[in-house]
Amino acid sequence: MSPTAAGSYAPPAAVLCGLAGWVPSRVVTNEHLARRLDTDDAWIRTRTGIRRRHVVDPGQSTSDLAVEAGRRALAAGTGRVDAVVVATTTPDHSCPATAPAVAARLGLTGAAAFDISAVCTGFVYGLASAAGLIAAGVAERVLLIGADTYSTIVDPLDRANAIIFGDGAGAVVLRAGHPDEPGAVGHFDLGSDGAHEDLITVAAGGSRQRSRPGEPSRQDRHFAMRGKEVYRHAVTRMAASACAALSRAGWKIDDVDHFVPHQANLRILHSVADDLGLPRARCVTHVESVGNTGAASIPLALADAAARQALRPGDRLLLTAFGGGLTWGSCLLTWPTLPAPARLYDQPPHPYDEPAHPYDQGERTTS
Ligand code: UT7
């Protein structure tokens, strides 16, 4: 417990003490997609800002990426971890959760372990959950991983979505600390609006579809998104959520050195920054290199920015996410002194040049 100005005691805060990202080495460029879809590099870049994305190889799953990112975040010697939380929309299985297997593979058997399902807002929901575990005294240290393999649920023949999404994982370690110290995450804003659940869906695979007779259609087995409506909601909900978190903290927009939004689409990020009155140069972007990586996108953007030394101790950050559900969330933190994150991949990026790969055959489906 931490002493407050009034002499009473506040619960401990969750303080960022480790960070890493990892993406599979296989790269899919816009040119590559244009070879098999009715699209082109210029359309993709002007509509989304994306130039390439990384995808898993056959047999690789979300937990494989989560373990790589988690191991790197823990490598900084952050000490014992009491809880492992994995935010994902693409768990290895619908049952059980992915987090216990990730914990076991990281040598953390015995730690509490559970998944968070809040689509692209999962990482911010995960930060709030980790902060709650620490404040309640349930955990001293939490490993939070955002990991997704959208290439396993997006129809490779669906040009509207295949161009947007990529695979990756980002991980942070949070420890109990003082609410006023650098790295303390706080002043959250979280929300949802399930009346719009149909805007982003994978229709099959859950109890609703399974309770119906018959096999699901190819369309129902894949990710579906009503892009234009999602775009409008994303801009308004992210801006409103960012304002709510800032107001709770008593920060003005000028206090924000870095805005780290969910990396949905460069146009969305810039629109939100414009609506907030924030110079676009303060918007941390990574979407051009990895696409939209779902729950991994904010920690991957942080790891990339930290590796480029774009984040300095004492800088003030605003994190804001939006995703299916609909869900949204924001939180604030002051950047701590951290060990520099490792590179996002071990191997040099590997061109995606194997026509026999299932991603090219349009054969990937959910189980
Ligand atoms: O992480 C969760 C949050 N998700 C998002 O934030 C995604 C939000 N939405 C978006 O980013 C955009 O809506 C998209 C990038 C998905 C699409 O951009 P858009 O400017 O909204 O395009 P559109 O869907 O209105 O399509 C415009 C045209 C259509 O043709 P017609 O009907 O005007 O003849 C589409 O068929 O562009 C066509 N189109 C394409 N053309 C070339 C759609 N996808 C493609 C493509 N290449 N890949």
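The figures that follow rest on heavy atoms only: side chains count, while hydrogens, waters and symmetry mates do not. For ligands, and for the atoms within them, numbers begin at 1 and follow the listed sequence. We count residues from 1, following the sequence as given.
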Practice prompt. Look at the side chain of Asp148 and the backbone N and O of Thr88, then say whether any donor-acceptor pair between them is shorter than 3.5 Å.
Written response: no

Item to complete: With heavy atoms under 4.0 Å as the rule, classify the contact between Thr39 and ligand 1 as side chain, backbone, both or neither.
Response: both

Response to the item:
Note: ligand 1 atoms sitting under 4.0 Å from heavy atoms of Arg267 are 20 (O)

Response to the item:
So for Ile268 against ligand 1, with non-hydrogen atoms under 4.0 Å, the contacting part is side chain

Worksheet item: What's the shortest distance from atom 38 (C) of ligand 1 to any protein heavy atom, and which residue and atom give it?
Response: Arg159 NH2, 3.6 Å

Worksheet entry | Under 3.5 Å: donor-acceptor pair, side chain of Asp82, backbone of Arg141 | yes

Worksheet item: Any protein heavy atom lying closer than 4.0 Å to atom 20 (O) of ligand 1?
Response: yes

Fill in: Protein contact to atom 17 (C) of ligand 1 [nearest heavy atom, distance to 0.1 Å]
Trp43 CH2, 4.1 Å

Worksheet item: For ligand 1, which atoms sit closer than 4.0 Å to a heavy atom of Ala264?
Response: 6 (O)

Worksheet item: Does Thr62 reach the main-chain N or O of Pro91 with its side chain, forming a donor-acceptor pair under 3.5 Å?
Response: no

Worksheet item: Does atom 42 (C) of ligand 1 have a protein non-hydrogen atom under 4.0 Å from it?
Response: yes

Worksheet entry | Arg26 with Asp167: basic N within carboxylate O range, under 4.0 Å | no

Discussion item. Check this for me - ligand 1, Asn265, N or O atoms closer than 3.5 angstrom, yes or no?
Written reply: yes

Discussion item. Students should be able to answer this: which protein heavy-atom is nearest to atom 28 (C) of ligand 1, and at what distance?
Written reply: Arg47 NH2, 4.2 Å

Worksheet item: Considering only heavy atoms, does Ile164 approach ligand 1 within less than 4.0 Å through its side chain, its backbone, both, or neither?
Response: side chain

Fill in: Heteroatom proximity flag, Lys228 to ligand 1, N/O under 3.5 Å
yes

Worksheet item: Checking Arg175 side chain against Leu16 main chain: does a donor-acceptor pair fall under 3.5 Å?
Response: no

Discussion item. If you take the nearest heavy atom of each of Gly294, Cys120, Gly227, which one is closest to atom 13 (O) of ligand 1?
Written reply: Gly227

Worksheet entry | Atom indices of ligand 1 within 4.0 angstrom of Thr48 heavy atoms, with elements | 15 (C)

Worksheet item: Is there a protein heavy atom less than 4.0 Å away from atom 31 (P) of ligand 1?
Response: no

Discussion item. Has Asp304 got a side-chain atom pairing as donor or acceptor with His286's backbone, closer than 3.5 angstrom?
Written reply: no

Practice prompt. Going by the side-chain contact (heavy atoms from CB on, under 4.5 Å) test, name the single residue among Leu33, Ile164, Val27 that passes it with Arg53.
Written response: Leu33

Worksheet item: Backbone N or O of Thr236 within a donor-acceptor pair of the Asp275 side chain at under 3.5 Å?
Response: no

Fill in: Sub-4.5 Å side-chain heavy-atom contact between Leu319 and Leu302
yes

Worksheet entry | Any protein heavy atom nearer than 4.0 Å to atom 4 (N) of ligand 1 | yes

Practice prompt. Could you find the nearest protein heavy atom to atom 7 (C) of ligand 1 and give me its residue, atom name and distance?
Written response: Met225 CE, 3.5 Å

Response to the item:
Of Leu269, Ile253, Leu278, the one forming a side-chain contact (heavy atoms from CB on, under 4.5 Å) with Phe259 is Leu278

